[in-house]
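A quick note: this is a predicted structure, and the numbers were derived from the prediction, not measured. Proteins get letters first, then strands, A, B, ... in listed order; numbering begins at 1 in each.
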Protein chains: 2
Amino acid sequence: MSLRYALLALLRVGPQSGYDLQKKFDTSVGHLWHAPDSQIYPELRKMEAEGLIEAEEQVRGERGTRRMYHVTPTGDAEYLAWMNGPLSYARVREPASLKAAYLEAATPEAARAFLEQHIAHWRGELEQWEAELERIDARATPMLVDRLAVTPEADRDRVVAFKRLGYENLVGRARAEIAWAERGLELLDRFSG
Amino acid sequence: MSLRYALLALLRVGPQSGYDLQKKFDTSVGHLWHAPDSQIYPELRKMEAEGLIEAEEQVRGERGTRRMYHVTPTGDAEYLAWMNGPLSYARVREPASLKAAYLEAATPEAARAFLEQHIAHWRGELEQWEAELERIDARATPMLVDRLAVTPEADRDRVVAFKRLGYENLVGRARAEIAWAERGLELLDRFSG
DNA sequence: TTACACATGTAACTTGTTACATGATTCA
DNA sequence: TGAATCATGTAACAAGTTACATGTGTAA
């Protein structure tokens, strides 16, 4: 759904191969929108078929080829249409809330383990996102460096500020999940104590 | 993924037809795990084929039939295994964060509209969930009444408390999203002002 | 010559979305 | 007799998951 926009965002910085995109994905836009490697190549082919991107085949050695993709005007327009149009929201699907709402069916130990794992999970995410925020402030992530290089100086602060805003949402989400699970643990204490 | 557990949670209260489940879904467990009507019947058939539930066909009038499903011991064991086992977390896919991180590509008006719609969206969800929390506290939701009726009195407070916990997570999420988007609007003000 | 990075995928499956299709029963 | 509710689905598609498959270039 949003995968193509994540890829277009990366490609708008400059031409790249599927391999380049795949390598960069997890350490950049993949923080916000995960996609496995196996999804990227087919999506690029699909985008090419729809005229959003074009490939230039480069010869590597005697038989190998590399497809360097770049964004077409159509792709650029599609990206801007997504950016300027309304976002469609996915319906709520929260397995952790679902489980919590019926937690009386779990053993007290399992209930505790569930909330502790929830905290551990979101602490792990939080650490990564906070580290990324620090790198953004230092303007030190590889993708951001490349992006700022193709951005007029007057716009650079905005680019950095919006990137920060995106990650701040994730950080807020993680903190809310952790605070909630901690309240859940207190609830368990009240019932067992 | 979690749909079958949502359905098992409803069916553990007592036997119900696909139609019953479909009608109740949106106003109960569907708040936590959405599923369209068209997904429920096939999932019930799949669960039946796997032995988690069984149907008793009831004759309606001269030709019509109704399939009343109930949970089998296998289904009960599967439900408890899900409840007592670790939850698997979906990878992060946050279209709003993705869009925010590249919001410099949007026009200032579109950026503002995006954040305002984000607030409106989550306020809508928040209202529903807070209303549901009030009904839970009053022990007034139809499903909760049915569930409490089949719950030993000593366990009823726990049932209500966990149901509350599940919805509190959603409320926390919605509040975090709203607070974030409001900070985003302030950011826009700083850049336009 | 071997290991590692470069490079591009496919296949089978599950889950979820959107729109449609059909008929029975009951009550005003 | 017509509308609302009861009742059960299918079909086509889109998106995501998991595991696998294949080969090249380069530098130690």
Side-chain angles (χ1 to χ4, degrees), chain A residues 1-7 11 15-27 29-30 32-50 52-53 55-69 78 82 87-95 98 142, chain B residues 1-7 15-27 29-30 32-50 52-53 55-69 82 88-95 98:
Chain A
M1 190 194 354
S2 297
L3 175 55
R4 59 180 49 195
Y5 304 106
L7 291 170
L11 276 171
Q16 286 166 87
S17 68
Y19 185 77
D20 292 334
L21 290 164
Q22 190 200 102
K23 287 290 117 177
K24 284 173 187 170
F25 205 86
D26 287 343
T27 56
V29 76
L32 307 161
W33 188 269
H34 169 78
D37 296 352
S38 64
Q39 215 185 341
I40 292 178
Y41 285 105
E43 183 66 22
L44 288 170
R45 286 291 188 168
K46 230 173 120 192
M47 290 163 71
E48 190 185 11
E50 291 175 41
L52 307 181
I53 59 176
E56 276 169 41
E57 296 221 338
Q58 291 181 348
V59 182
R60 306 194 320 131
E62 299 199 348
R63 268 178 297 268
T65 54
R66 183 165 73 145
R67 299 173 60 79
M68 288 297 279
Y69 288 103
E78 170 108 358
W82 185 71
L87 191 62
S88 66
Y89 288 84
R91 305 301 302 262
V92 174
R93 276 198 192 86
E94 294 289 345
L98 178 62
Chain B
M1 189 199 351
S2 298
L3 175 55
R4 58 180 49 194
Y5 303 107
L7 292 171
Q16 285 167 87
S17 69
Y19 185 77
D20 292 335
L21 290 164
Q22 191 200 100
K23 287 290 117 178
K24 286 173 186 171
F25 205 86
D26 287 344
T27 57
V29 75
L32 308 159
W33 187 269
H34 170 79
D37 297 352
S38 65
Q39 212 184 345
I40 291 178
Y41 284 105
E43 182 67 22
L44 287 170
R45 287 289 187 169
K46 229 173 121 192
M47 290 163 72
E48 191 185 12
E50 292 176 39
L52 306 181
I53 59 177
E56 275 168 44
E57 297 221 336
Q58 291 181 348
V59 181
R60 302 193 325 132
E62 299 199 349
R63 270 179 296 270
T65 54
R66 181 166 75 145
R67 300 172 60 78
M68 287 298 277
Y69 288 102
W82 185 71
S88 65
Y89 288 85
R91 306 299 304 262
V92 174
R93 273 197 194 88
E94 294 288 345
L98 177 63

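What separates CG of Leu3(A) from C1' of dG16(D) is a distance of 10 Å, to the nearest Å. Lys23(A) places its NZ atom 8 Å from the C1' atom of dA5(C), with the value rounded to the nearest Å. Look at CD1 on Ile40(B): it is 16 Å from C1' on dT10(D), rounded to the nearest Å. dT5(D) atom P lies 17 Å from atom CZ of Arg66(B), rounded to whole Å. Tyr89(A) has its OH atom 21 Å from the P atom of dG16(C), to the nearest Å. The CD atom of Gln58(B) sits 15 Å away from the P atom of dC6(D) (whole-angstrom rounding). Rounded to whole Å, the distance from CG on Leu21(B) to C1' on dA7(D) is 13 Å. With rounding to whole Å, Phe25(B) atom CZ is found 10 Å from dG16(C) atom P.
For Tyr41(A), the side-chain atoms get nearest to dT8(C) when compared with the rest of dT8(C), dA7(D), dT8(D).
When every heavy atom of Ile53(A) is checked against every heavy atom of Leu11(A), the shortest pair comes out as CG2-CD1, 3.8 Å. Residues Leu32(A) and Val92(B) come closest through the heavy atom pair O-CG1, 3.8 Å.
By the salt bridge (charged side-chain N to carboxylate O under 4.0 Å, His left out) test, Glu56(A) is found to be paired with no residue, residues two or more places apart in sequence or in another chain being considered. Under the side-chain hydrogen bond (donor to acceptor under 3.5 Å, both in side chains) criterion, Gln22(B) pairs with no residue, sequence neighbours left out. Qualifying salt bridge (charged side-chain N to carboxylate O under 4.0 Å, His left out) partners for Glu43(A), counting only residues two or more places apart in sequence or in other chains: Arg4(A). In terms of the side-chain hydrogen bond (donor to acceptor under 3.5 Å, both in side chains) criterion, Asp37(A) has no residue partners (sequence neighbours excluded). The side chain to side chain contact (heavy atoms under 4.5 Å, CB included) check on Pro142(A) picks up nothing, with sequence neighbours excluded. For Asp26(B), the side chain to side chain contact (heavy atoms under 4.5 Å, CB included) criterion is met by no residue, not counting sequence neighbours. Taking the side chain to side chain contact (heavy atoms under 4.5 Å, CB included) definition, one finds that Pro42(A) meets it with nothing, sequence neighbours left out. Residues passing the salt bridge (charged side-chain N to carboxylate O under 4.0 Å, His left out) test with Arg67(B), sequence neighbours excluded: Glu48(B), Glu57(B). With sequence neighbours excluded, the residues satisfying ring-ring contact (aromatic ring centres under 6.0 Å, His included) with Tyr5(A) are Trp82(A).
Taking side-chain N and O atoms only, Tyr19(A) has no distance below 4.0 Å to OP1 or OP2 of dT8(C). Between Arg67(A) and dT8(C) there is no side-chain polar atom (N or O) within less than 4.0 angstrom of OP1 or OP2. Between dT17(C) and Arg93(A), a contact under 4.0 Å exists linking OP1 or OP2 to a side-chain N or O.
Axis angle, first five pairs versus last five pairs of the helix from dT1(C)-dA28(D) to dA28(C)-dT1(D): 0°, rounded to 10°.
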Provide a list of protein-nucleic acid N or O atom pairs under 3.5 angstrom, restricted to nucleotides 25-28 of chain D.
| residue | atom | partner | partner atom | Å |
| --- | --- | --- | --- | --- |
| dG25(D) | OP1 | Arg60(A) | O | 2.7 |
| dG25(D) | OP1 | Gly61(A) | N | 3.0 |
| dG25(D) | OP1 | Glu62(A) | N | 2.8 |

Anything under 3.5 Å between a protein N or O and an N or O of nucleotides 13-15 of chain D, put it in a table, one pair a line.
| residue | atom | partner | partner atom | Å |
| --- | --- | --- | --- | --- |
| dA15(D) | OP2 | Lys46(A) | NZ | 3.2 |

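Contact of the Gln16(A) side chain with the Lys24(A) side chain is registered, since non-hydrogen atoms from C-beta on lie closer than 4.5 Å.
Residue order along DNA chain C, read from the 5' end via each residue's closest nucleotide, puts Thr65(A) first among Ala35(B) and Thr65(A). Comparing Pro36(A) and Ser17(B) by the nucleotide of DNA chain D whose heavy atom lies nearest to each, the residue mapping closer to the 5' end is Ser17(B). The residue among Met68(B) and Arg91(B) whose nearest nucleotide of DNA chain D lies closer to the 5′ end is Met68(B).
Within 4.0 Å of Ser38(B), counting heavy atoms only, lies at least one base atom of the nucleic acid.
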